[in-house]
Number of protein chains: 2
Amino acid sequence: MKKTPRKSDETRTRILDAALALFRERGFERSTMREVAQSAGMAVGAAYYYFDSKDAIVLAFYARAQAEMSAGIAESLDRATTLEARLRAVIERKFEYFRPNRRLMGALSAHADPEHPVSPFGKETRAIREEDVALFERAVTESGVKLPDTVRPYLARLLWMYQMGLILFWVYDNSAGQKRTELLYEKTLKMLLVTLKIARLPLLRPLHRLAGELLQVIYS
Amino acid sequence: MKKTPRKSDETRTRILDAALALFRERGFERSTMREVAQSAGMAVGAAYYYFDSKDAIVLAFYARAQAEMSAGIAESLDRATTLEARLRAVIERKFEYFRPNRRLMGALSAHADPEHPVSPFGKETRAIREEDVALFERAVTESGVKLPDTVRPYLARLLWMYQMGLILFWVYDNSAGQKRTELLYEKTLKMLLVTLKIARLPLLRPLHRLAGELLQVIYS
DNA sequence: GTCTATATGGAGATAGAC
DNA sequence: GTCTATCTCCATATAGAC
(Lines give C-alpha, C1' and ligand atoms only; values in the text may rest on other atoms or scores of the structure.)
Protein backbone atom coordinates (compact mmCIF):
# COMPACT_ATOMS: atom_id res chain seq x y z
CA MET A 1 0.00 0.00 0.00
CA LYS A 2 2.86 2.37 0.77
CA LYS A 3 5.21 4.10 -1.61
CA THR A 4 8.40 2.02 -1.30
CA PRO A 5 9.99 3.53 1.83
CA ARG A 6 13.39 2.31 0.75
CA LYS A 7 15.62 3.79 3.41
CA SER A 8 13.91 2.35 6.46
CA ASP A 9 13.44 -1.01 4.79
CA GLU A 10 17.12 -1.16 4.10
CA THR A 11 17.96 -0.36 7.73
CA ARG A 12 15.52 -2.94 8.97
CA THR A 13 17.06 -5.56 6.75
CA ARG A 14 20.53 -4.57 7.89
CA ILE A 15 19.56 -5.08 11.53
CA LEU A 16 17.87 -8.38 10.77
CA ASP A 17 20.86 -9.68 8.83
CA ALA A 18 23.31 -8.61 11.50
CA ALA A 19 21.20 -10.19 14.22
CA LEU A 20 20.74 -13.46 12.39
CA ALA A 21 24.46 -13.72 11.71
CA LEU A 22 25.13 -13.23 15.41
CA PHE A 23 22.41 -15.64 16.52
CA ARG A 24 23.66 -18.29 14.15
CA GLU A 25 27.20 -17.90 15.41
CA ARG A 26 26.67 -17.65 19.13
CA GLY A 27 23.11 -18.72 19.64
CA PHE A 28 20.15 -16.52 20.52
CA GLU A 29 20.60 -16.44 24.28
CA ARG A 30 24.24 -15.51 24.25
CA SER A 31 23.83 -12.64 21.83
CA THR A 32 22.90 -9.22 23.19
CA MET A 33 20.96 -6.40 21.62
CA ARG A 34 24.03 -4.23 22.14
CA GLU A 35 26.03 -6.54 19.91
CA VAL A 36 23.26 -6.64 17.36
CA ALA A 37 23.11 -2.85 17.22
CA GLN A 38 26.86 -2.44 17.10
CA SER A 39 27.17 -5.05 14.39
CA ALA A 40 24.52 -3.21 12.39
CA GLY A 41 26.37 0.06 13.02
CA MET A 42 23.86 1.97 15.12
CA ALA A 43 22.64 2.65 18.64
CA VAL A 44 20.59 0.14 20.59
CA GLY A 45 17.52 2.33 20.45
CA ALA A 46 17.56 2.22 16.66
CA ALA A 47 17.28 -1.55 16.70
CA TYR A 48 14.33 -1.19 19.07
CA TYR A 49 12.79 1.34 16.76
CA TYR A 50 12.56 -1.38 14.12
CA PHE A 51 11.95 -4.39 16.32
CA ASP A 52 9.80 -4.36 19.43
CA SER A 53 12.00 -6.89 21.15
CA LYS A 54 14.81 -9.33 20.71
CA ASP A 55 12.22 -12.04 20.16
CA ALA A 56 10.59 -9.94 17.46
CA ILE A 57 13.75 -10.36 15.40
CA VAL A 58 13.30 -14.10 15.43
CA LEU A 59 9.70 -13.61 14.44
CA ALA A 60 10.86 -11.56 11.46
CA PHE A 61 13.17 -14.41 10.56
CA TYR A 62 10.18 -16.77 10.50
CA ALA A 63 8.21 -14.43 8.32
CA ARG A 64 11.13 -14.17 5.93
CA ALA A 65 11.65 -17.93 5.98
CA GLN A 66 8.02 -18.51 5.15
CA ALA A 67 8.16 -16.04 2.27
CA GLU A 68 11.35 -17.50 0.87
CA MET A 69 10.19 -21.09 1.10
CA SER A 70 6.60 -20.94 -0.06
CA ALA A 71 7.16 -20.55 -3.79
CA GLY A 72 9.63 -23.45 -3.87
CA ILE A 73 7.34 -25.67 -1.86
CA ALA A 74 4.39 -24.86 -4.11
CA GLU A 75 6.51 -25.90 -7.09
CA SER A 76 7.58 -29.15 -5.45
CA LEU A 77 3.95 -29.89 -4.67
CA ASP A 78 3.14 -29.54 -8.34
CA ARG A 79 5.66 -32.23 -9.16
CA ALA A 80 4.79 -34.73 -6.42
CA THR A 81 1.76 -36.99 -6.58
CA THR A 82 1.67 -39.43 -3.68
CA LEU A 83 0.85 -38.20 -0.20
CA GLU A 84 4.23 -39.33 1.04
CA ALA A 85 6.09 -37.42 -1.63
CA ARG A 86 3.95 -34.36 -1.03
CA LEU A 87 4.48 -34.35 2.71
CA ARG A 88 8.18 -34.84 2.20
CA ALA A 89 8.23 -31.88 -0.18
CA VAL A 90 6.88 -29.63 2.55
CA ILE A 91 8.71 -30.96 5.57
CA GLU A 92 12.11 -31.60 4.07
CA ARG A 93 12.28 -28.17 2.49
CA LYS A 94 11.77 -26.69 5.93
CA PHE A 95 14.60 -28.67 7.44
CA GLU A 96 16.87 -27.80 4.57
CA TYR A 97 16.14 -24.12 5.02
CA PHE A 98 16.41 -24.15 8.79
CA ARG A 99 19.53 -26.30 9.04
CA PRO A 100 22.05 -23.41 9.10
CA ASN A 101 19.80 -21.63 11.58
CA ARG A 102 19.31 -24.39 14.10
CA ARG A 103 21.01 -22.48 16.90
CA LEU A 104 18.71 -19.54 16.65
CA MET A 105 15.50 -21.53 16.58
CA GLY A 106 15.64 -22.26 20.30
CA ALA A 107 14.22 -18.80 20.81
CA LEU A 108 10.91 -19.77 19.31
CA SER A 109 10.47 -23.16 20.88
CA ALA A 110 10.93 -21.53 24.27
CA HIS A 111 7.51 -19.92 24.05
CA ALA A 112 4.77 -22.48 24.43
CA ASP A 113 2.55 -19.84 25.99
CA PRO A 114 0.08 -18.73 23.29
CA GLU A 115 -0.22 -15.36 25.02
CA HIS A 116 3.42 -14.59 24.37
CA PRO A 117 3.92 -12.39 21.30
CA VAL A 118 6.33 -14.77 19.64
CA SER A 119 4.64 -18.05 20.47
CA PRO A 120 4.05 -20.18 17.35
CA PHE A 121 0.56 -20.74 18.74
CA GLY A 122 -0.41 -17.14 19.46
CA LYS A 123 -2.45 -14.63 17.50
CA GLU A 124 0.57 -12.56 16.48
CA THR A 125 1.86 -15.49 14.44
CA ARG A 126 -1.52 -16.52 13.07
CA ALA A 127 -0.86 -15.32 9.52
CA ILE A 128 2.34 -17.29 9.20
CA ARG A 129 0.79 -20.33 10.82
CA GLU A 130 -2.27 -20.35 8.57
CA GLU A 131 -0.18 -19.98 5.46
CA ASP A 132 1.82 -22.93 6.68
CA VAL A 133 -1.23 -25.04 7.43
CA ALA A 134 -2.49 -24.21 3.94
CA LEU A 135 0.59 -25.92 2.50
CA PHE A 136 -0.32 -29.10 4.34
CA GLU A 137 -3.90 -28.76 3.21
CA ARG A 138 -2.70 -28.61 -0.39
CA ALA A 139 -0.42 -31.58 0.18
CA VAL A 140 -3.37 -33.61 1.45
CA THR A 141 -6.18 -32.46 -0.81
CA GLU A 142 -4.50 -33.04 -4.14
CA SER A 143 -3.15 -36.42 -3.09
CA GLY A 144 -6.70 -37.73 -2.95
CA VAL A 145 -6.52 -39.51 0.40
CA LYS A 146 -9.78 -40.80 1.77
CA LEU A 147 -10.34 -40.28 5.46
CA PRO A 148 -13.26 -40.50 7.86
CA ASP A 149 -15.23 -37.24 7.92
CA THR A 150 -14.61 -37.05 11.64
CA VAL A 151 -10.91 -36.29 11.29
CA ARG A 152 -10.46 -35.20 7.68
CA PRO A 153 -11.17 -31.49 8.38
CA TYR A 154 -8.41 -31.40 10.97
CA LEU A 155 -5.73 -33.33 9.14
CA ALA A 156 -3.77 -30.34 7.87
CA ARG A 157 -3.63 -28.80 11.33
CA LEU A 158 -2.58 -32.10 12.82
CA LEU A 159 0.19 -32.40 10.27
CA TRP A 160 1.32 -28.89 11.09
CA MET A 161 1.50 -29.88 14.76
CA TYR A 162 3.42 -33.00 13.82
CA GLN A 163 5.90 -30.85 11.93
CA MET A 164 6.26 -28.50 14.90
CA GLY A 165 7.03 -31.45 17.11
CA LEU A 166 9.70 -32.63 14.69
CA ILE A 167 11.29 -29.20 14.58
CA LEU A 168 11.24 -28.89 18.36
CA PHE A 169 12.92 -32.26 18.73
CA TRP A 170 15.46 -31.32 16.08
CA VAL A 171 16.36 -28.01 17.71
CA TYR A 172 17.57 -29.81 20.81
CA ASP A 173 18.87 -32.91 19.09
CA ASN A 174 22.61 -32.98 19.68
CA SER A 175 23.27 -36.30 17.98
CA ALA A 176 25.78 -36.12 15.10
CA GLY A 177 24.06 -34.48 12.13
CA GLN A 178 20.80 -34.73 14.12
CA LYS A 179 20.55 -38.38 13.17
CA ARG A 180 17.98 -39.05 15.84
CA THR A 181 15.59 -36.53 14.34
CA GLU A 182 16.17 -38.12 10.94
CA LEU A 183 15.10 -41.45 12.38
CA LEU A 184 12.19 -39.98 14.28
CA TYR A 185 11.03 -38.41 11.05
CA GLU A 186 11.38 -41.47 8.86
CA LYS A 187 9.70 -43.84 11.27
CA THR A 188 6.85 -41.58 12.31
CA LEU A 189 6.17 -40.59 8.72
CA LYS A 190 5.81 -44.25 7.78
CA MET A 191 3.59 -44.83 10.79
CA LEU A 192 1.47 -41.89 9.84
CA LEU A 193 1.03 -43.12 6.29
CA VAL A 194 0.15 -46.63 7.43
CA THR A 195 -2.32 -45.22 9.92
CA LEU A 196 -4.03 -43.10 7.30
CA LYS A 197 -4.17 -46.08 4.98
CA ILE A 198 -6.01 -48.27 7.46
CA ALA A 199 -7.97 -45.46 9.08
CA ARG A 200 -11.24 -46.36 7.38
CA LEU A 201 -11.30 -49.96 8.54
CA PRO A 202 -14.40 -50.60 10.67
CA LEU A 203 -12.17 -51.90 13.43
CA LEU A 204 -10.78 -48.42 13.97
CA ARG A 205 -14.19 -46.76 14.02
CA PRO A 206 -14.19 -46.19 17.80
CA LEU A 207 -10.82 -44.50 17.51
CA HIS A 208 -11.74 -41.89 14.98
CA ARG A 209 -15.08 -41.30 16.55
CA LEU A 210 -13.21 -40.34 19.73
CA ALA A 211 -10.65 -38.36 17.77
CA GLY A 212 -13.40 -36.47 16.00
CA GLU A 213 -15.14 -35.52 19.22
CA LEU A 214 -11.85 -34.32 20.60
CA LEU A 215 -10.70 -32.32 17.61
CA GLN A 216 -14.03 -30.60 17.28
CA VAL A 217 -13.61 -29.02 20.70
CA ILE A 218 -9.87 -28.39 20.59
CA TYR A 219 -10.05 -26.57 17.28
CA SER A 220 -13.04 -24.32 17.85
CA MET B 1 23.61 -38.38 55.97
CA LYS B 2 23.89 -35.05 57.79
CA LYS B 3 23.00 -34.24 61.38
CA THR B 4 19.72 -32.36 61.00
CA PRO B 5 20.91 -28.85 60.12
CA ARG B 6 17.67 -27.35 61.34
CA LYS B 7 18.35 -23.67 60.97
CA SER B 8 19.29 -23.64 57.28
CA ASP B 9 16.50 -26.06 56.40
CA GLU B 10 14.04 -23.76 58.05
CA THR B 11 15.34 -20.75 56.13
CA ARG B 12 15.25 -22.65 52.88
CA THR B 13 11.68 -23.66 53.49
CA ARG B 14 10.77 -20.11 54.40
CA ILE B 15 12.15 -18.84 51.09
CA LEU B 16 10.43 -21.60 49.14
CA ASP B 17 7.08 -20.93 50.81
CA ALA B 18 7.33 -17.19 50.31
CA ALA B 19 8.29 -17.66 46.66
CA LEU B 20 5.51 -20.12 45.91
CA ALA B 21 2.94 -17.86 47.52
CA LEU B 22 4.14 -15.01 45.32
CA PHE B 23 4.29 -17.12 42.16
CA ARG B 24 0.80 -18.44 42.75
CA GLU B 25 -0.55 -14.96 43.25
CA ARG B 26 1.19 -13.04 40.51
CA GLY B 27 2.63 -15.74 38.29
CA PHE B 28 6.28 -16.69 37.94
CA GLU B 29 7.31 -14.10 35.38
CA ARG B 30 5.87 -11.12 37.17
CA SER B 31 7.47 -11.96 40.52
CA THR B 32 11.01 -10.77 41.21
CA MET B 33 13.72 -12.25 43.40
CA ARG B 34 13.73 -8.97 45.30
CA GLU B 35 10.10 -9.52 46.25
CA VAL B 36 10.77 -13.12 47.16
CA ALA B 37 13.63 -12.12 49.43
CA GLN B 38 11.70 -9.28 51.01
CA SER B 39 8.69 -11.47 51.57
CA ALA B 40 10.94 -14.06 53.24
CA GLY B 41 12.50 -11.24 55.29
CA MET B 42 16.09 -11.27 54.03
CA ALA B 43 18.47 -9.86 51.43
CA VAL B 44 18.45 -11.04 47.83
CA GLY B 45 21.83 -12.70 48.23
CA ALA B 46 20.47 -14.93 50.95
CA ALA B 47 17.83 -16.29 48.62
CA TYR B 48 20.57 -16.98 46.08
CA TYR B 49 22.59 -18.72 48.74
CA TYR B 50 19.82 -21.30 49.01
CA PHE B 51 18.66 -21.39 45.43
CA ASP B 52 20.96 -21.10 42.44
CA SER B 53 18.37 -19.25 40.43
CA LYS B 54 14.77 -18.21 40.27
CA ASP B 55 14.11 -21.32 38.20
CA ALA B 56 15.70 -23.48 40.88
CA ILE B 57 12.88 -22.51 43.22
CA VAL B 58 10.38 -24.02 40.83
CA LEU B 59 12.54 -27.11 40.64
CA ALA B 60 12.39 -27.39 44.43
CA PHE B 61 8.63 -27.12 44.17
CA TYR B 62 8.61 -30.10 41.82
CA ALA B 63 10.77 -32.13 44.14
CA ARG B 64 8.46 -31.30 47.02
CA ALA B 65 5.40 -32.08 44.93
CA GLN B 66 6.83 -35.44 43.95
CA ALA B 67 7.59 -36.28 47.57
CA GLU B 68 4.18 -35.22 48.80
CA MET B 69 2.29 -37.09 46.10
CA SER B 70 4.12 -40.39 45.82
CA ALA B 71 2.82 -42.07 48.98
CA GLY B 72 -0.78 -41.22 48.14
CA ILE B 73 -0.40 -42.42 44.58
CA ALA B 74 1.16 -45.68 45.71
CA GLU B 75 -1.83 -46.24 47.97
CA SER B 76 -4.31 -45.49 45.19
CA LEU B 77 -2.46 -47.94 42.97
CA ASP B 78 -2.96 -50.63 45.57
CA ARG B 79 -6.69 -50.10 45.42
CA ALA B 80 -7.10 -49.90 41.64
CA THR B 81 -7.05 -52.95 39.39
CA THR B 82 -7.82 -52.05 35.78
CA LEU B 83 -5.26 -50.21 33.70
CA GLU B 84 -7.67 -47.33 33.25
CA ALA B 85 -8.24 -46.95 36.98
CA ARG B 86 -4.53 -47.20 37.64
CA LEU B 87 -3.59 -44.57 35.09
CA ARG B 88 -6.29 -42.29 36.42
CA ALA B 89 -4.94 -42.75 39.92
CA VAL B 90 -1.58 -41.39 38.84
CA ILE B 91 -2.63 -38.65 36.45
CA GLU B 92 -5.60 -37.26 38.32
CA ARG B 93 -3.70 -36.98 41.55
CA LYS B 94 -1.16 -34.81 39.76
CA PHE B 95 -3.78 -32.47 38.42
CA GLU B 96 -5.44 -32.25 41.80
CA TYR B 97 -2.14 -31.33 43.43
CA PHE B 98 -1.06 -28.90 40.73
CA ARG B 99 -4.39 -27.13 40.33
CA PRO B 100 -3.73 -24.31 42.86
CA ASN B 101 -0.25 -23.93 41.34
CA ARG B 102 -1.17 -23.65 37.71
CA ARG B 103 0.16 -20.14 37.37
CA LEU B 104 3.62 -21.04 38.52
CA MET B 105 4.00 -24.09 36.32
CA GLY B 106 4.62 -22.01 33.23
CA ALA B 107 8.19 -21.66 34.43
CA LEU B 108 8.92 -25.29 33.84
CA SER B 109 7.19 -25.75 30.54
CA ALA B 110 9.22 -22.86 29.20
CA HIS B 111 12.37 -24.98 29.17
CA ALA B 112 12.22 -27.58 26.45
CA ASP B 113 16.00 -27.44 26.17
CA PRO B 114 17.37 -30.53 27.98
CA GLU B 115 20.60 -28.63 28.62
CA HIS B 116 18.81 -26.11 30.74
CA PRO B 117 19.12 -26.86 34.47
CA VAL B 118 15.38 -26.87 35.07
CA SER B 119 14.24 -28.65 31.94
CA PRO B 120 11.99 -31.61 32.75
CA PHE B 121 14.09 -33.54 30.24
CA GLY B 122 17.55 -32.68 31.53
CA LYS B 123 19.93 -34.55 33.78
CA GLU B 124 19.33 -32.27 36.77
CA THR B 125 15.75 -33.48 36.93
CA ARG B 126 16.51 -37.12 36.19
CA ALA B 127 15.84 -38.38 39.71
CA ILE B 128 12.38 -36.83 39.85
CA ARG B 129 11.61 -37.99 36.33
CA GLU B 130 12.65 -41.58 36.93
CA GLU B 131 10.65 -41.78 40.10
CA ASP B 132 7.71 -40.51 38.14
CA VAL B 133 8.20 -42.98 35.30
CA ALA B 134 8.38 -45.73 37.93
CA LEU B 135 4.83 -44.87 38.99
CA PHE B 136 3.64 -45.45 35.44
CA GLU B 137 5.63 -48.66 35.26
CA ARG B 138 3.83 -49.88 38.38
CA ALA B 139 0.49 -48.81 36.96
CA VAL B 140 1.14 -50.87 33.84
CA THR B 141 2.90 -53.93 35.23
CA GLU B 142 0.38 -54.87 37.86
CA SER B 143 -2.54 -54.31 35.53
CA GLY B 144 -1.39 -57.26 33.45
CA VAL B 145 -1.68 -55.68 30.01
CA LYS B 146 -0.27 -57.67 27.15
CA LEU B 147 1.67 -55.72 24.59
CA PRO B 148 4.04 -56.48 21.72
CA ASP B 149 7.62 -56.85 22.97
CA THR B 150 8.64 -54.12 20.59
CA VAL B 151 6.91 -51.37 22.52
CA ARG B 152 6.23 -52.84 25.97
CA PRO B 153 9.61 -51.78 27.46
CA TYR B 154 8.93 -48.16 26.53
CA LEU B 155 5.32 -47.91 27.60
CA ALA B 156 5.95 -46.28 30.97
CA ARG B 157 8.16 -43.62 29.42
CA LEU B 158 5.60 -42.99 26.71
CA LEU B 159 2.90 -42.58 29.31
CA TRP B 160 5.10 -40.14 31.19
CA MET B 161 5.47 -38.13 28.00
CA TYR B 162 1.74 -38.26 27.45
CA GLN B 163 1.24 -36.88 30.94
CA MET B 164 3.75 -34.10 30.30
CA GLY B 165 1.85 -33.15 27.18
CA LEU B 166 -1.39 -32.99 29.12
CA ILE B 167 0.17 -30.81 31.79
CA LEU B 168 1.68 -28.49 29.21
CA PHE B 169 -1.67 -28.09 27.49
CA TRP B 170 -3.36 -27.51 30.84
CA VAL B 171 -0.90 -24.83 31.93
CA TYR B 172 -1.91 -22.65 28.99
CA ASP B 173 -5.54 -23.70 28.83
CA ASN B 174 -7.59 -20.63 29.61
CA SER B 175 -11.00 -22.22 29.09
CA ALA B 176 -13.30 -22.04 32.13
CA GLY B 177 -12.08 -24.55 34.68
CA GLN B 178 -9.66 -25.85 32.02
CA LYS B 179 -12.54 -27.74 30.44
CA ARG B 180 -10.61 -28.27 27.23
CA THR B 181 -7.85 -30.13 29.02
CA GLU B 182 -10.49 -32.23 30.74
CA LEU B 183 -11.82 -33.21 27.36
CA LEU B 184 -8.40 -33.76 25.87
CA TYR B 185 -7.64 -36.04 28.77
CA GLU B 186 -10.85 -38.07 28.66
CA LYS B 187 -10.79 -38.60 24.93
CA THR B 188 -7.11 -39.37 24.56
CA LEU B 189 -7.17 -41.71 27.54
CA LYS B 190 -9.97 -43.69 25.92
CA MET B 191 -8.09 -43.70 22.62
CA LEU B 192 -4.99 -44.91 24.37
CA LEU B 193 -6.82 -47.75 26.08
CA VAL B 194 -8.51 -48.82 22.85
CA THR B 195 -5.17 -48.72 21.06
CA LEU B 196 -3.49 -50.87 23.66
CA LYS B 197 -6.37 -53.31 23.52
CA ILE B 198 -6.07 -53.87 19.78
CA ALA B 199 -2.30 -53.46 19.64
CA ARG B 200 -1.62 -57.15 19.23
CA LEU B 201 -3.83 -57.64 16.21
CA PRO B 202 -1.76 -58.84 13.24
CA LEU B 203 -3.11 -55.96 11.21
CA LEU B 204 -1.20 -53.51 13.36
CA ARG B 205 2.04 -55.46 13.18
CA PRO B 206 3.75 -53.01 10.77
CA LEU B 207 2.90 -50.17 13.12
CA HIS B 208 4.52 -51.53 16.22
CA ARG B 209 7.46 -52.86 14.32
CA LEU B 210 8.13 -49.29 13.20
CA ALA B 211 7.41 -47.93 16.66
CA GLY B 212 9.83 -50.43 18.17
CA GLU B 213 12.63 -49.47 15.81
CA LEU B 214 12.03 -45.85 16.63
CA LEU B 215 11.83 -46.16 20.39
CA GLN B 216 14.95 -48.27 20.54
CA VAL B 217 16.99 -45.41 19.15
CA ILE B 218 15.22 -42.53 20.84
CA TYR B 219 15.56 -44.06 24.29
CA SER B 220 19.18 -45.19 24.22
C1' DG C 1 10.14 9.40 10.74
C1' DT C 2 14.82 7.95 12.22
C1' DC C 3 18.04 7.59 15.36
C1' DT C 4 21.38 8.70 19.73
C1' DA C 5 22.12 9.01 24.52
C1' DT C 6 20.79 7.85 28.69
C1' DA C 7 17.81 5.77 32.29
C1' DT C 8 15.32 1.92 34.64
C1' DG C 9 14.67 -2.33 36.77
C1' DG C 10 15.66 -7.13 37.08
C1' DA C 11 18.65 -11.63 37.35
C1' DG C 12 22.48 -13.14 39.02
C1' DA C 13 27.56 -12.68 40.96
C1' DT C 14 30.70 -11.35 44.52
C1' DA C 15 33.11 -9.45 48.63
C1' DG C 16 33.26 -9.78 52.92
C1' DA C 17 30.76 -9.11 57.80
C1' DC C 18 29.51 -12.19 61.49
C1' DG D 1 28.07 -21.71 57.05
C1' DT D 2 24.77 -17.78 56.70
C1' DC D 3 23.68 -13.57 55.21
C1' DT D 4 24.01 -8.20 53.73
C1' DA D 5 25.49 -4.78 50.66
C1' DT D 6 26.90 -3.82 46.45
C1' DC D 7 28.13 -4.59 41.58
C1' DT D 8 27.62 -6.06 36.71
C1' DC D 9 25.24 -6.93 32.65
C1' DC D 10 21.25 -7.15 30.05
C1' DA D 11 16.51 -6.17 27.88
C1' DT D 12 13.77 -2.60 27.34
C1' DA D 13 11.87 2.41 27.94
C1' DT D 14 12.21 7.24 27.18
C1' DA D 15 13.68 12.05 26.00
C1' DG D 16 14.71 14.46 22.60
C1' DA D 17 18.22 15.68 18.53
C1' DC D 18 17.97 15.94 13.58
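Not measured: the values here are computed from a predicted model. Quick note on labels: first sequence line is chain A, next is B, and so on, each numbered from 1.
A straight line from CG of A:Asp55 to P of D:dA11 spans 11 Å, rounded to a whole angstrom. Rounding to whole angstrom units, CG of residue B:Asp9 and C1' of D:dC3 are separated by 16 Å. Rounded to whole Å, the distance from CG on B:Leu22 to P on C:dG10 is 13 Å. Distance A:Lys54 NZ to D:dT12 P: 8 Å, rounded to the nearest Å. Whole-Å rounding puts the A:Ile57 CD1 to D:dC10 P distance at 15 Å. Counting to the nearest Å, the P atom of C:dG1 and the CD atom of A:Glu10 are 19 Å from each other. One interatomic measurement links the two molecules: CE of B:Met42 to P of C:dC18, which rounds to 19 Å at whole-angstrom precision. If you measure from atom CD of A:Gln38 to atom P of C:dT4, you get 12 Å, rounded to the nearest angstrom.
Using a 4.5 Å cut-off on side-chain heavy atoms (C-beta onward), A:His116 and A:Phe121 make no contact. At a threshold of 4.5 Å between non-hydrogen side-chain atoms, the residues A:Ile167 and A:Ser109 do not count as touching.
The side chain of A:Ser53 places no N or O atom within less than 4.0 Å of a non-bridging phosphate oxygen (OP1 or OP2) of D:dA11. Listed pair A:Tyr48 / C:dT4 fails the phosphate criterion, with no side-chain N or O lying under 4.0 Å from OP1 or OP2. Proximity of A:Tyr49 to the phosphate of C:dC3: no side-chain N or O atom is located under 4.0 Å from OP1 or OP2. For the pair A:Thr32 and D:dC9, the criterion of a side-chain N or O lying under 4.0 Å from OP1 or OP2 is not met. For D:dG1, the OP1/OP2 oxygens have no side-chain nitrogen or oxygen of B:Ser8 closer than 4.0 Å.
Comparing A:Arg34 and A:Ala47, the nucleotide of DNA chain C nearest to each residue sits closer to the 5' end for A:Ala47.
A side-chain donor-acceptor contact under 3.5 Å links B:Tyr162 and B:Thr188. Judged purely by distance below 3.5 Å, without hydrogens or angles, the side chains of A:Ser53 and A:Asp55 never pair a donor atom with an acceptor atom. No hydrogens or angles considered: a donor-acceptor pair under 3.5 Å links the side chains of B:Thr141 and B:Glu137.
Here D:dC3 is the nucleotide among D:dC3, C:dT4, D:dA11 with the atom lying nearest to any side-chain atom of B:Lys7.
Among the heavy atoms of the strands, none lies under 4.0 Å from B:Val44.
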